[in-house]
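The next block holds one structure in the form of structure tokens; read it before the comments.
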Amino acid sequence: MNIGAAFKAKGAWEKFAKNHPKFPLFMDAVKRKGVQEGTLVSVSFTDPDGSKLETNLRITAEDLELLEVLKGMM
């Protein structure tokens, strides 16, 4: 892992969290509740012009393995 990139990412996250204080709180709540196999994750993006993209996915056992790897990196 590139240490410089890790510090840059940390700084970018801190700025993001300052600009969007509810999002880290939301992520903490998700973490406390825990993500389980079968959990449905929905994501939507709405452009300033009003056009919208939406998708969802159901968490699998393999997804949980990836989340554990990512947690270990943080």
Side-chain angles (χ1 to χ4, degrees):
M1 177 181 234
N2 181 325
I3 298 298
F7 280 115
K8 187 174 181 179
K10 184 178 185 291
W13 172 255
E14 289 169 354
K15 287 179 188 175
F16 180 86
K18 182 179 177 188
N19 290 333
H20 310 283
K22 290 183 181 179
F23 188 75
L25 297 174
F26 169 78
M27 294 304 293
D28 286 342
V30 170
K31 183 179 176 183
R32 280 192 310 275
K33 184 161 177 65
V35 178
Q36 304 169 16
E37 187 173 352
T39 298
L40 182 66
V41 176
S42 300
V43 179
S44 69
F45 291 91
T46 306
D47 290 337
D49 67 4
S51 63
K52 193 172 189 176
L53 296 171
E54 297 178 282
T55 192
N56 63 62
L57 60 100
R58 190 148 319 265
I59 299 294
T60 66
E62 291 84 10
D63 298 330
L64 292 174
E65 291 175 17
L66 173 61
L67 292 175
E68 286 300 316
V69 169
L70 293 173
K71 276 199 279 186
M73 294 173 61
M74 301 203 161

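Using a 4.0 Å cut-off between a side-chain N of Lys or Arg and a carboxylate O of Asp or Glu, E14 and K10 qualify as a salt bridge.
Atoms CG and OG1, on L53 and T46 in that order, are 8.5 Å from each other to the nearest 0.5 Å. Put simply, NZ on K18 and NZ on K15 are 10.0 Å apart, with the number rounded to the nearest 0.5 Å. In this structure, M27 CE and L25 CG are separated by 11.5 Å, a value rounded to the nearest 0.5 Å.
Hydrophobic clustering (side-chain heavy atoms under 4.5 Å, transitive across Ile, Leu, Val, Met, Phe, Trp, Tyr) keeps F26 apart from L40. Following chains of ILVMFWY side-chain contacts shorter than 4.5 Å, one can reach V41 starting from F45, so the two form part of one hydrophobic cluster.
Between L57 and I59, the shortest heavy-atom contact is CD1-CD1, 3.6 Å. Between R58 and G38, the shortest heavy-atom contact is NH1-O, 2.8 Å.
A donor-acceptor pair is defined here as one N or O able to donate and one able to accept, closer than 3.5 Å; no such pair exists between the side chain of D47 and the backbone of D49.
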Given D28 and V30, is the side-chain contact (heavy atoms from CB on, under 4.5 Å) satisfied, shown in steps?
CA-CA 5 Å; D28 286 342; V30 170; over 6 Å; no
